[in-house]
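Right, I'll just put the structure down here and ask away after.
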Amino acid sequence: MRLVVRVKLLPTPEQATALEATLRAVNAAACQVSRQAHALRTFRNYDLRKHTYTQIKDGYGLAAQAAQHVIKKVADAYATLQANIRAGNLGKAGSARRVRAEATPIAFRAEAAQPFDDRCLSWQIDARTVSIWSVAGRLKNLQFAASAEQLKTLSAYRRGESDLLYRDGMWFLIATCDVPDARVKDPEAFLGVDLGIVNIATTSGGVRHSGKALNAVRHRRRELRRRLQAKGTKSAKRLLKRRRRKEARFAANTNHVIAKQIVTEAERTGRGIALEDLQGIRDRVRLRKPQRVTLHSWSFHQLGAFIGYKAARAGVAVIYADPAFTSQQCSSCGHVDRKNRLDQACFSCTSCGFAEHADVNAARNIAARGVTGWAVSHAA
Ligand SMILES: [Zn+2]
């Protein structure tokens, strides 16, 4: 399994200046390569190198490897554009959007991310430092912050290139790690997970992960957007963009913590994890504003993905269950009735009298469906 580890760099002011100059140089070089690629109708890495390598290496003071990465970055960007055009993502042939995309060379932001390979970037993981090439010379002892789990993953499984990224005044390295999957243990039972908005995740074991903090952050940003959108100034837009990314980081962090707790609970008790199949999430999460649905369904998918990879690493089985009527069905007797669900939090069966928190009841249904689903798919 391939996963990425993102660490925050802690550069000194001098190092930060050098990093900034480096990103500016490589992206100015990328823009030049892109213009030439577009003019010459030459988009393959190897061909572009013949035309541009010496020019950008000397013109922008790039190391040999850095120059090659710039050219590859441009070639990759055009390959992606071509794939998008072929897939019809930019409209039909002749559409205004597609014509514009084909008529102008791809531009790279001055702060666009840049890949570094092992010759341009070396990691001293125990010391939490990296040594990285820059236009101002090699930067040594550049410190980074990482969790114990990230350090472990980095030292055991980091492979190939890492991306240098600048976001909202902070520097990051995004390292690629090839983590082997653990052998999936045959589960004795399943831990069901119900996803929601009031409670982001509730397990059939009765653990509820509240969405209160996350919903508060979202609410604050929506309020801010409402106030700033009226202004429509550039600085307002910039502030909103920064807030949006901050919210996304907060949501991702929340999802990581929840996913870890769920996988740990399943691992400790020898159970697999039953998740809702999210195909139907849009129908289930009924809210007035469609963008909220998109936001939440995106967040649910992320949580599902985090649980998926953490489970794979731990050898915990994961199965996806049909979520239809999990909130209306009694997890004790199986009776399905809309009236079973009294309100957001309370479930009380009209047939057998079983009562439970509504989300826990739903999670228990998902767990039961996981058991059935596993038996069916592992019958042979
Ligand atoms: Zn019942």
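Because only heavy atoms are used, hydrogens play no part in the values below, and waters and symmetry mates are left out as well, while side chains stay in. Counting starts at 1 for both ligands and their atoms, in listed order.
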*Take the Zn ion (ligand 1) and tell me which protein N, O or S atoms are nearer than 2.8 Å.*
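Protein N/O/S atoms under 2.8 Å of the Zn ion (ligand 1): C330 SG, C333 SG, C349 SG, C352 SG.
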_ring pair (Phe, Tyr, Trp, His ring centres under 6.0 Å) partners of residues 147-188, not counting sequence neighbours, each pair once_ =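 Every ring pair (Phe, Tyr, Trp, His ring centres under 6.0 Å) pair that includes a residue of residues 147-188, provided the two are not neighbours, is Y166-W171.
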*Given R242 and D168, is the salt bridge (charged side-chain N to carboxylate O under 4.0 Å, His left out) satisfied, shown in steps?*
CA-CA 6 Å; R242 208 157 59 215; D168 305 332; 5.1 Å; no
Under 3.5 Å, which donor-acceptor pairs do the side chains of residues 99-116 form with other protein atoms, sequence neighbours left out?
residue: T104; atom: OG1; partner: R100; partner atom: O; Å: 2.8
residue: Q114; atom: OE1; partner: K73; partner atom: NZ; Å: 2.8

_So, using salt bridge (Lys or Arg N to Asp or Glu O under 4.0 Å) as the criterion, who are the partners of E265 when residues are at least two apart?_
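Scan of E265 (salt bridge (Lys or Arg N to Asp or Glu O under 4.0 Å), adjacent residues dropped) gives R271.
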_Contact between S34 and Y78 at the side-chain level, heavy atoms closer than 4.5 Å - yes or no?_
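Side chain of S34 against side chain of Y78, heavy atoms only: contact under 4.5 Å found.
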_I'd like to know if the side chain of Q150 and the backbone of S147 have a donor-acceptor N/O pair within less than 3.5 Å._
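It does hold such a pair.
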